[in-house]
Visitor: 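I'd like to ask some things about the structure below.
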There are 2 protein chains.
Amino acid sequence: MRNKYIQIYKDIVDDITKATYQPQTLLPSEHELMDKYGTSRETIRKALTLLAQNGFIQKVQGKGSIVLDTPRFDFPISGLVSFKELANQLGENHKTIVEKLELLPPTEDMKGILQIDSSEEMVWEVQRVREIDDEKIILDKDYIKSSKVEKLSREVCASSIYEYIEGELGLTISFAKKEITVEEPTKEDRNLLDLEGFSNVVVVKNYVYLEDASIFQYTESRHRPDKFRFVDFARRTKN
Amino acid sequence: MRNKYIQIYKDIVDDITKATYQPQTLLPSEHELMDKYGTSRETIRKALTLLAQNGFIQKVQGKGSIVLDTPRFDFPISGLVSFKELANQLGENHKTIVEKLELLPPTEDMKGILQIDSSEEMVWEVQRVREIDDEKIILDKDYIKSSKVEKLSREVCASSIYEYIEGELGLTISFAKKEITVEEPTKEDRNLLDLEGFSNVVVVKNYVYLEDASIFQYTESRHRPDKFRFVDFARRTKN
DNA sequence: CAGTGGTCTAGACCACGAA
DNA sequence: TCGTGGTCTAGACCACTGA
């Protein structure tokens, strides 16, 4: 069986979420887990390291691994979560309106951001408004390199660009750099969103990279402030 | 030498920041690094895993480890960074004003947040205003369990509570859960901060845990929106 | 095909916590 | 002291990339 440590990881995640292993108690020791899963200690340790990274346990030397009760659900925008997942999690009535879908030559700014050298490369510009409970809450402005994604349709934009890219095109998104600031709404924001009296929008800038470390997309997500929420779990790393 | 893999990690970080290893090029292979550092492959791999987690490299199977140029500096509030580090990074003229320092019985809310059972446990309430370039920008409201920190002085609060706790008291902070939202300013915010015309504050709620997975502090950081910036680096994890 | 990284093993020794 | 997790090793086999 390949990826034994991931199987073990999932198995223990199950046991934690089903409360077979209770919060604030100790997991079985690594030696006991070796016996239980019939594997070597390093493999058990890989599974435990994954659990710790994802906030399920806390390892304490000389003592054991403590099961955490930090509620790990409700991660609306953390990591690489897309709007589709977000909306599903919220379980609310949601809709996506594609305001713009064009293949254009990049501005100088965008050439810098997307690391475009060639004078021929074009950029997909997509603008989508996210509506939740009949209120236009989020404006997503995407810029995608045409060399990575040749075709793009309104249908794909309305459901999920990520599913298309990872499913149909077989590309793998690997990491992202995110920057959150608060700005005054632009005229565009006011036109496209139900901003009512709000005098700020929360801007999430997202630089998205593929497996080979090449940038492939820049997204600017502009949120009405009252509906914005960002959750983060940070573990102190060694030195 | 203990912690060989951390030494190797730091050494390679140096080589990357000094551009000995150039962005977008490949690191030496794991086998070559084994020879260079005279160690086993798993140890090299631990160092490389750390580099990947911290955004310095991207590992690609069958190919090698790509050096990233994602500028990893400018992380104002990411992770567990304290105000002192933030201010130092900004290199600006800054000051901390201790508005409040009291040992009080906890409210019911705070009992829940800090997981207090005993009817005797008290809570330190600290309020500090952060001034940068003569503008009062941030209001930090800390709540600390008296069972973890018995004494606390205005001097400690004015410099760095974390340095006191980790240095003097020998406690180790291990992880934190952070939640970012945008709210309307309270009267308190208006009184203590230079909010001028701003109609929002950015609220960062921080739940801070020690090594043994016990919660020890809750902090609410209230920022003037124009000075707020949060940077995050997210790597997609396996399943 | 050769070279790369990914997984796994069996065993060793060390550092730390609790009794 | 004993049981825990932390580090390290030498070697094996597999999966992927690119020529």
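The figures here come from the full heavy-atom set of this structure, side chains too, leaving out hydrogens, waters and symmetry mates. Below, chain A is the first sequence line, B the second, and so on; all start at residue 1.
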Visitor: When the distance from CE of B:M34 to P of C:dG5 is rounded to whole Å, what number comes out?
Guide: 11 Å
Visitor: Tabulate atom names and distances for all N/O pairs under 3.5 angstrom spanning the protein and nucleotides 9-12 of chain C.
Guide:
| from | atom 1 | to | atom 2 | distance (Å) |
| --- | --- | --- | --- | --- |
| C:dT9 | OP1 | A:K4 | NZ | 2.9 |
| C:dT9 | OP1 | A:T39 | OG1 | 3.1 |
| C:dT9 | OP2 | A:T39 | OG1 | 2.4 |
| C:dT9 | OP2 | A:S40 | N | 2.9 |
| C:dT9 | OP2 | A:S40 | OG | 2.8 |
| C:dT9 | OP2 | A:T43 | OG1 | 2.7 |

Visitor: Figure out the CG/P separation between B:L50 and D:dC8, and round it to whole Å.
Guide: 11 Å
Visitor: Got a sec, which residues hit side-chain contact (heavy atoms from CB on, under 4.5 Å) with B:I215, two or more places apart in sequence or on another chain?
Guide: B:L114, B:Q115, B:K145, B:Y207, B:Y209
Visitor: Between the protein and nucleotides 1-3 of chain C, list every N/O to N/O distance that falls short of 3.5 Å.
Guide:
| from | atom 1 | to | atom 2 | distance (Å) |
| --- | --- | --- | --- | --- |
| C:dG3 | N2 | B:G62 | O | 3.1 |

Visitor: Show me, pair by pair, the donor-acceptor contacts under 3.5 angstrom made by side chains of residues 100-113 of chain B, not counting sequence neighbours?
Guide:
| from | atom 1 | to | atom 2 | distance (Å) |
| --- | --- | --- | --- | --- |
| B:K100 | NZ | B:E125 | OE1 | 2.9 |
| B:T107 | OG1 | B:M110 | N | 3.2 |

Visitor: Donor-acceptor pair, distance only, cut-off 3.5 Å: does the side chain of A:N54 make one with the backbone of A:F56?
Guide: no
Visitor: Looking at A:F216, I'd like to know if the NZ or CZ of A:K148 sits under 6.0 Å from its six-membered ring centre while staying within 45 degrees of the ring's axis.
Guide: no
Visitor: So what is the 5' to 3' dot-bracket string for DNA chain D, if pairs are Watson-Crick or G-U wobble with both distances under 3.5 Å, crossing pairs use [ ] and | means the partner sits on another strand?
Guide: ||||||||||||||||||.
Visitor: Please list, chain by chain and in numerical order, all residues satisfying side-chain contact (heavy atoms from CB on, under 4.5 Å) with A:D35, sequence neighbours excluded.
Guide: A:H31
Visitor: Relative to each other, are the rings of B:F175 and A:F233 parallel, tilted or perpendicular (30° and 60° limits)?
Guide: tilted
Visitor: Do the non-hydrogen side-chain atoms of B:E155 and B:Y164 ever get within less than 4.5 Å of each other?
Guide: no
